[in-house]
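Down below is the structure, laid out as structure tokens.
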Amino acid sequence: MKHLIPFIIVAVLTGCDRTPDTSQEPPSDSGAGDETTAAATAADTSTETQAPNDVPKGRVIRAGIFKAVHEGRLLENTSGTTGKSLKSLTLEFVKGTERIPLVKDTYLGFQYRVTTLPPELEKKREMELRRVLRHPEMLLEDGSTTTGSDYTVSRKIKLGQVNAYDAYGFHDDYELVEGEWVFQLWYRDNLLVEQKFTTYRPEESMVPVQEPSASDVGSTRQES
């Protein structure tokens with residue numbers, strides 16, 4: 001029986017950008033561990049030694065394919081790529097990979113951690129990050145085109161670090177574009193995290209998304 005591990009994140013674009021906020025520590029997978037969206041395991045919530053005045057350090061914990069366990073409510077959002085967002089979306093981690101088949105109603109995403117926070121953040125509850133997404137050109141329904149988004153997000157600080165997720169869901173045909181997708185998270189002028197994916201069109205006979213194994217399961221509840 002699958003055990004879904006809930007955690008709160010901020011959805012930033014639906015059928016588009018999903019930028020989960022994880023003031024909580026990353027979820028643990030049933031049986032094992034990998035990387036994705038915005039609760040705590042010994043490994044994922046352990047504090048790391050911080051050096052005063054250091055530039056924050058970021059790293060990707062896991063990345064790959066997700067699927068929705070519960071679709072949220074569709075909202076307008078002008079900050080992201082397609083002008084849409086979802087509220088109360090629950091995602092489940094399926095597979096760790098950087099090659100993402102273009103299958104509707106699936107998501108690409110990753111979990112990241114930021115440590116060695118600078119002194120100015122010691123008493124703060126949140127850390128502001130510049131979140132950048134670049135992707136192959138999309139032709140939107142209104143006739144305009146987009147190649148990504150660039151805006152500021154706030155991520156909660158807990159135990160002296162940030163544990164969060166970012167994800168993007170494919171819901172409309174125009175989003176199914178092949179090529180390189182690049183996610184970046186910046187603190188001021190410092191690039192902390194970069195995650196790249198390559199999307200491709202699968203064979204027609206390909207089964208959309210396989211059920212996750214017990215060792216891969218991980219779920220998240222997204223809220224905007």
Side-chain angles (χ1 to χ4, degrees), residues 8-23 35-38 55-64 66 72 74-87 89 91 98 100 102 106-115 117-118 120-121 124-157 162-172 174-199 220 222-224:
I8 305 299
I9 46 187
V10 173
V12 178
L13 273 98
T14 187
C16 4
D17 294 311
R18 307 296 171 79
T19 307
D21 164 38
T22 82
S23 47
E35 137 128 61
T36 195
T37 254
V55 171
K57 294 180 174 59
R59 68 186 182 94
V60 172
I61 308 302
R62 61 182 177 183
F66 295 80
L74 186 64
L75 304 173
E76 290 186 5
N77 188 317
T78 58
S79 298
T81 290
T82 63
K84 303 173 186 178
S85 66
L86 285 178
K87 183 177 182 179
L89 170 69
L91 294 179
E98 293 184 351
I100 310 294
L102 290 167
T106 61
Y107 300 74
L108 57 80
F110 63 101
Q111 175 191 345
Y112 62 92
R113 179 180 299 144
V114 180
T115 59
L117 303 188
E120 65 262 26
L121 294 178
K124 301 278 188 177
R125 293 186 176 183
E126 295 187 334
M127 178 181 191
E128 287 198 345
L129 297 171
R130 177 186 169 206
R131 187 265 197 183
V132 178
L133 169 62
R134 295 287 176 257
H135 56 67
E137 185 175 86
M138 290 181 193
L139 177 62
L140 304 182
E141 294 174 319
D142 63 1
S144 63
T145 60
T146 179
T147 56
S149 55
D150 186 336
Y151 51 88
T152 300
V153 296
S154 293
R155 294 291 170 259
K156 292 184 180 179
I157 298 171
V162 170
N163 286 285
Y165 292 77
D166 204 339
Y168 187 101
F170 300 113
H171 298 282
D172 296 297
Y174 63 78
E175 295 178 292
L176 304 179
V177 290
E178 292 183 276
E180 185 175 71
W181 294 62
V182 182
F183 292 81
Q184 294 180 336
L185 290 155
W186 296 74
Y187 181 69
R188 298 182 176 175
D189 295 328
N190 302 299
L191 176 60
L192 303 184
V193 174
E194 182 174 80
Q195 175 61 48
K196 296 180 180 181
F197 295 98
T198 299
T199 55
T220 177
Q222 248 176 252
E223 295 187 349
S224 60

Worksheet entry | Asp166 and Arg131, any side-chain heavy atoms less than 4.5 Å apart | yes

Fill in: Closest approach of Lys156 to Val162 (non-hydrogen atoms, all atoms of both residues)
O-CG2, 3.6 Å

Worksheet, complete the sentence: Minimal heavy-atom distance between Gly64 and Phe197, with the atoms involved, is N-CE2, 3.8 Å

Worksheet entry | Heavy-atom side-chain proximity of Tyr112 to Arg155 below 4.5 angstrom | yes

Worksheet item: Where do Leu192 and Leu129 come nearest, in terms of heavy atoms and distance?
Response: CD1-CD2, 3.9 Å

Practice prompt. Could you tell me the separation between the OG1 atom of Thr147 and the CG atom of Leu133, rounded to the nearest 0.5 Å?
Written response: 9.0 Å

Worksheet entry | Audit row: Arg113, Thr115, side chain to side chain contact (heavy atoms under 4.5 Å, CB included) steps and yes/no | CA-CA 7 Å; Arg113 179 180 299 144; Thr115 59; 3.8 Å; yes

Practice prompt. Heavy atoms only: give me the nearest Glu126-Ser154 pair and the separation to one decimal.
Written response: OE1-CB, 3.5 Å

Discussion item. Just so I know, are the side chains of Lys196 and Glu180 near enough to count as touching, which here means a heavy-atom distance under 4.5 Å?
Written reply: yes

Worksheet, complete the sentence: Rounded to the nearest 0.5 angstrom, the NE2-CD distance for His135 and Glu178 is 15.0 Å

Worksheet item: How are the rings of Phe110 and Phe183 set to each other: parallel, tilted or perpendicular (split at 30° and 60°)?
Response: perpendicular

Item to complete: For the residue pair Ile157 and Leu117, establish whether any side-chain heavy-atom pair is separated by less than 4.5 Å.
Response: yes

Worksheet item: Side chains of Leu185 and Arg130: does their closest heavy-atom pair fall under 4.5 Å?
Response: no

Fill in: Nearest atoms (heavy-atom pairs only) where Arg59 meets Val193
N-CG2, 3.8 Å

Discussion item. Apply side chain to side chain contact (heavy atoms under 4.5 Å, CB included) to residues Glu137 and Thr146 and explain how you reach the verdict.
Written reply: CA-CA 6 Å; Glu137 185 175 86; Thr146 179; over 6 Å; no

Discussion item. Treating Asp172 as the side-chain partner and Tyr174 as the backbone partner, does any N or O pair qualify as donor plus acceptor under 3.5 Å?
Written reply: no

Discussion item. Using only atom types and a distance under 3.5 Å, with no angle test, would you say the side chain of Thr199 pairs donor to acceptor with the backbone of Gly179?
Written reply: yes

Worksheet entry | Interatomic spacing from CD1 in Ile100 to OG1 in Thr198 - rounded to 0.5 Å | 8.5 Å

Worksheet item: Does the ring centre of Phe170 sit less than 6.0 Å away from the ring centre of Trp181?
Response: yes

Worksheet item: Any ion pair linking Glu128 and Arg188 (charged N to carboxylate O, less than 4.0 Å)?
Response: no

Item to complete: Would you sort out whether Gln195 and Glu98 count as a side chain to side chain donor-acceptor pair (under 3.5 Å), showing the intermediate values?
Response: CA-CA 9 Å; Gln195 175 61 48; Glu98 293 184 351; 3.3 Å; yes

Worksheet item: Which heavy atom of Arg134 sits nearest a heavy atom of Asp150, and at what distance?
Response: NH2-OD2, 4.0 Å

Discussion item. Are Leu121 and Tyr187 packed together at the side-chain level, in the sense that at least one heavy-atom pair is separated by less than 4.5 angstrom?
Written reply: yes

